[in-house]
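Keep in mind it's a predicted model, so treat the numbers as computed, not measured. Order of the sequence lines sets the chain letters (A, B, ...), proteins ahead of strands, with each chain counted from 1.
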Amino acid sequence: MSEGRLGAGRLGAGRLGAGRLRAGRRIPAALLLPALAAAVLSLAPIAYLLIRAVEGGPAGFAATLLRARTAELAARSLGLAAVVTALCVVVGVSLAWLVVRTDLPGRRAFGALAALPLAVPSYVAAYTWVAAFPGISGFGGSALVLVLCCYPYVYLPAVAALRRLDPAMEEVALSLGRSRMAVVVRQLRPAAAAGGLLVAMYVLAEFGAVSIMRFDVFTTQIYTAYRASFNRTPAAVLGLLLVAVTVAIVLAEARTRGKAAYALRGAPPRRGSAVRLGRGKPAALAWAAAVAAAAVGFPLASIAYWLVEGASRRISASALAETVAATLGVSAAGALLCAALAVPVGIVAARHRSATARFLEQSTYVGHALPGIVLALSFVFFAVRYAYPLYQQWPLLVLAYAVLFLPASVGAVRASVLQSPPVLEEVARSLGRSPMGAIRQVTLPLALPGVAAGTALVFLTAMKELPATLLLRPTGMETLATQLWTQTGSGAYGAAAPYAALLMLLAAIPGFLLGKRDT
Amino acid sequence: MFLRKLVAAALVPLALLAVAACGSEDEPSFSDDALVIYSGRNQNLVGPLLDKLKAATRLDVQVRYGDSAELAAQILEEGDRTRADLFFSQDAGALGALSKHGMLTPLPQNLLERVPDKYRGKDWVGLSGRSRVIVYDPRTVAAPPKSVLELTDPKWRGKVGWAPTNASFQAFVTAMRVLKGEDATRQWLQAMKDNGTQTYPNNIAILNAVDDGKLQLGLINHYYWYEKVAEKGQIPSRLAYLPAGDPGALVNVAGIGQLKTTKHAQAAQRAIDYLLGPEAQQYFAQQTKEYPLVAGVEPDPGLPKLDTLNGPAIDLAKLDSLEETLKMLQDVGLV
């Protein structure tokens, strides 16, 4: 492949082969417009919060922000987010490396299982742990459950990045007396950072699991404001504070990116020889097995226990089939629409360094540490005013999913575009392709594994989405997540079991497809 | 090639949605003719009752289930364009919130008067009652306390569970403020906190902790215990009903209100009429083990009579009072 050679020629050139094009280059309109649409949709919840926060006047702001408990709970949330993010990076990256690059026994099976925890709502996971080990609670319990639920956010993009990693780079490193890991770690940076960012935002927005673990965090106050006083102003003020925190985290992540280059040669690389684990094999196997047991085996065992223990309530097969079809339909449509919005943003983020490019990318992130109920209410607010015919119809729910999970997709697209060398686009241009033609014919196919990983991530997350689904679904429509909520809400864990089991079963499909790719 | 695959992939979910839509043809996603009920009560608990309502009244009813407080917030955001005709709430506070924002319409006297006036407002009516109780573990507790005021005793240190974010717990605190005064209530909350009272997210979690032997006592609503017995059969814990006059003997209500924007006022009132009728009230007594609020329908024989509970007289839906309670809970650092 001539493409491959061209890319490989730049290998040693380091910064010259940078994954981005020169600064100041204009963003093609065909990318700019959809990216702008994605940014506007993502920023809408913040506009909603501003409207609601301002209603309370300056006094409302001060009363909420100056509470001592606000600071205490914010510190708890940040501490939890930091610990869970760090652990997720360790778990996700180590598993990805073991599955993709080593001779770990059973690596395909581990790979197929690794994404399943994403399908388990974190409140369900927390409940299973508390039910089995009543002593678990607080910070430790919350961190345990959230790490087990969230590490796939790092694992999936890390796998995509490792699959695209050229073994030649490791060989070069070895020949220069450096370790393979130096290259691997460096090349995984964008994927791990993007995944880590998602984990941090997920933890900041989390409410269900931490409340079951009896650990009060920042979102506890937001939920209490809605539930106890039905007053939307304090909730909005606290939500804005959460947005401010997210902006700081997103900017910090962007700063750590630096100017490093990640581009690889363009053609799908040959498979590197698997790293022999040698004497480390038992330890590696124990680690992978422990994670799989805790994150997948344990919830499955709990679900099986519910089935046996709970009173049997009849579930009609046709109603169940309808629920499954509806869940798959809206989640998959949401994931695909999300990919369509994320591809332009991700390409712009990877290829351009202008302020506009940064704004477009970062605006898709900033609203995503908000708790689900806040985002759901903002959708209600705008849909009722500007899209009333679509309100509580499935297209709006699909759009909501696409916007809610945009960061997962954008991060994956960006990381994979960064790995494809811009020089290939330039060659395509010199051969007469338009800028968009070059992107479509060269960059996108190379970025496909990352796009697919991001889409799978969104699909899995959308299947278990609850707050927006409850408020926006067509009246009478049920998803697996709403049914699971209904059953667990009345303590009917026996009846909840089939829905939880189906969620995990369906989640295995994208995990399996992603795992199958070129193994 | 890539685009073609993407389009093909996009067709799959759309086909699934079409299948799902056809499957539910008898229940269209939205029609202007149907009576829409936003229900903050769980489908497992009231779904069968609302099916009976459809059969008995022959009304075209669509039900949207959610969390009471979240549905109230949703209706407030929807404003005049809400698609709800009726709001069936788990607690009076959420109805009070809609009432305060002028979202509900006054109900006819002949509906309101069927329940005692402490269980209704002018634009909402209670449908069923639930009593605050102490759940205890008879394996470790020989004699459960006779008053919530005894729970600050050092012998219960770290052994009691409560759910301060829960609406019915907050109504109970409001009742205590009315009965015992602001200072006494604040001191009680502080003393409970200092006594190591364990915070749980909800009633079910407290009940499970008592059954698991993690707690000896818990403050919950009575009917959660009956729900768990229905699911599990035998469970270790038992309920202690508190004597009349104790703030812990408060009876909360689940109720219903009619949105002022409804185009189906007649149908809405027929539905409320049915829910206050003997069939529905008996359903609450027998199926959810709640207290029927309409005279002439007896509660489950296992429950003490409603009038013996004689909880404190407080305005269950008075929001300003709820805000005060919330502020007190925040000051003590419980929420």
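Atom OH of residue B/Tyr200 and atom OG of residue A/Ser137 lie 7.5 Å apart, to the nearest 0.5 angstrom. Here CG of B/Asn42 is found 4.5 Å from OG of A/Ser490. Values are rounded to the nearest 0.5 Å. Considering CD1 of B/Ile37 and OG1 of A/Thr475, their distance stands at 11.5 Å, rounded to 0.5 Å. Distance CD/B/Gln43 to OG1/A/Thr486: 5.0 Å, rounded to 0.5 Å. For the atom pair CG of B/Leu322 and CZ of A/Phe230, the computed distance is 7.0 Å after rounding to the nearest 0.5 Å. Summarising the geometry, atom CD belonging to A/Gln392 is positioned 10.0 Å from atom CD belonging to B/Gln62; distances are rounded to the nearest 0.5 Å.
With a threshold of 4.5 angstrom between heavy atoms, A/Arg52 approaches chain B through side-chain atoms but not through N, CA, C or O. The part of A/Leu472 that comes within reach of chain B is its backbone (N, CA, C, O), which places non-hydrogen atoms under 4.5 angstrom from that chain. Only the side chain of A/Arg69 comes within less than 4.5 Å of a heavy atom in chain B; its backbone stays farther off. Residue B/Tyr224 does not touch chain A at all, counting heavy-atom pairs closer than 4.5 Å. The parts of A/Leu471 that come within reach of chain B are both its backbone and its side chain, each placing non-hydrogen atoms under 4.5 angstrom from that chain. With a 4.5 Å cut-off on non-hydrogen atoms, B/Lys228 does not touch chain A at all. In this structure, chain B has no heavy atom under 4.5 Å from any part of A/Glu72. Using a 4.5 Å cut-off between heavy atoms, B/Leu207 makes no contact with chain A at all. With a 4.5 Å cut-off on non-hydrogen atoms, B/Gln74 touches chain A through its backbone and its side chain both. Only the side chain of A/Arg67 comes within less than 4.5 Å of a heavy atom of chain B; its backbone N, CA, C and O stay farther away. Contacts between B/Ala205 and chain A at a heavy-atom distance below 4.5 Å are absent for every atom of the residue. Proximity to chain A (any heavy atom under 4.5 Å) is shown, for B/Asp67, by both the backbone and the side chain. Residue A/Thr70: no heavy atom, backbone or side chain, is found under 4.5 Å from chain B.
The choice from A/Tyr223, A/Tyr127, A/Trp485 that makes the most heavy-atom pairs within less than 4.5 Å of chain B is A/Trp485. Among A/Leu337, A/Val130, A/Leu377, the residue making the largest number of heavy-atom pairs under 4.5 Å with chain B is A/Leu377. Interface check for chain B: of the options A/Thr455, A/Asp216, A/Ile373, A/Thr220, the most heavy-atom pairs under 4.5 Å are formed by A/Ile373. Of the listed residues (A/Thr323, A/Leu470, A/Val384, A/Leu466), the greatest number of heavy-atom pairs within a distance under 4.5 Å of chain B belongs to A/Val384. Listed options A/Gln221, A/Arg232, A/Glu478 were ranked by heavy-atom pairs under 4.5 angstrom with chain B; first place goes to A/Arg232. Options B/Leu45, B/Leu76, B/Thr82 differ in how many heavy-atom pairs under 4.5 Å they form with chain A, and the most are formed by B/Leu76.
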For this session: List the steps and the verdict of side-chain contact (heavy atoms from CB on, under 4.5 Å) for B/Glu77 and A/Phe382.
Result: CA-CA 9 Å; B/Glu77 289 304 354; A/Phe382 287 109; over 6 Å; no

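Across all their heavy atoms, A/Asn231 and B/Glu323 have their closest contact at ND2-OE2, 3.9 Å. Among all heavy-atom pairs drawn from A/Pro134 and B/Asp212, the shortest one is CG-OD2, 3.9 Å.
Each of B/Arg81, B/Glu78, B/Arg83 was scored for a side-chain hydrogen bond (donor to acceptor under 3.5 Å, both in side chains) with A/Tyr391, with one residue passing: B/Glu78.
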Tell me which donor-acceptor pairs under 3.5 Å the side chains of residues 208-215 of chain A have, and how far apart each pair is, sequence neighbours excluded?
from     : atom 1 : to       : atom 2 : distance (Å)
A/Ser211 : OG     : A/Phe207 : O      : 3.3
A/Ser211 : OG     : A/Gly208 : O      : 3.0
A/Arg214 : NH1    : B/Gln198 : OE1    : 3.3
A/Arg214 : NH1    : B/Thr199 : O      : 2.8
A/Arg214 : NH2    : B/Gln198 : OE1    : 2.8

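Of residues 326-335 of chain B, those residues lying under 4.5 Å from chain A by any heavy-atom pair are B/Leu326, B/Gln330, B/Gly333, B/Leu334, B/Val335.
Between B/Thr165 and A/Arg227, the closest side-chain pair of non-hydrogen atoms is not below 4.5 Å.
With sequence neighbours left out, B/Trp225 forms a ring pair (Phe, Tyr, Trp, His ring centres under 6.0 Å) with no residue at all. Remark: A/Phe381 pairs with A/Tyr48 by the ring pair (Phe, Tyr, Trp, His ring centres under 6.0 Å) rule, at least two apart or across chains.
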